[in-house]
Engineer: 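Mind having a look at this structure? Questions to follow.
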Amino acid sequence: MEFQVSELVEAKRQIESTIHKLKETVKTLEGKENPDRYKSQITLAKRRLEAFKISISLIEREISDLDKK
């Protein structure tokens with residue numbers, strides 16, 4: 001698929017917003033009285049964070065490639 005730079009920039013902005021919210025969620029869950037109770041949710045959130053970081057990297061690479069054209 002072909003994307004315009006503006007579409008990629010907006011996607012990146014949205015993902016960065018989600019990353020921020022996920023980080024806050026992890027902090028909240030880890031700060032609970034019994035964080036082991038939330039272990040699966042914490043693990044899922046951390047895995048999603050890593051996936052979103054990869055997405056950001058790929059979007060940035062694509063934007064860079066389009067800027068070179």
Engineer: Please round to the nearest 0.5 Å and tell me the distance separating atom CG of L58 and atom CZ of R61.
Structural biologist: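 Here the rounded value is 5.5 Å.
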
Engineer: Only pairs under 3.5 Å count here: list side-chain donor-acceptor contacts from residues 37-53, not counting sequence neighbours, and write none if there are none.
Structural biologist:
residue	atom	partner	partner atom	Å
T43	OG1	K39	O	2.9
K46	NZ	E30	OE2	3.0

Engineer: Tabulate below the donor-acceptor pairs under 3.5 Å that side-chain atoms of residues 1-21 make, not counting sequence neighbours, or state none.
Structural biologist:
residue	atom	partner	partner atom	Å
E7	OE1	Q4	N	2.8
E10	OE1	R13	NE	3.1
E10	OE2	R13	NH2	3.0
E10	OE2	Q14	NE2	2.7
K12	NZ	E16	OE2	3.3
K12	NZ	E60	OE2	3.4
T18	OG1	Q14	O	3.1

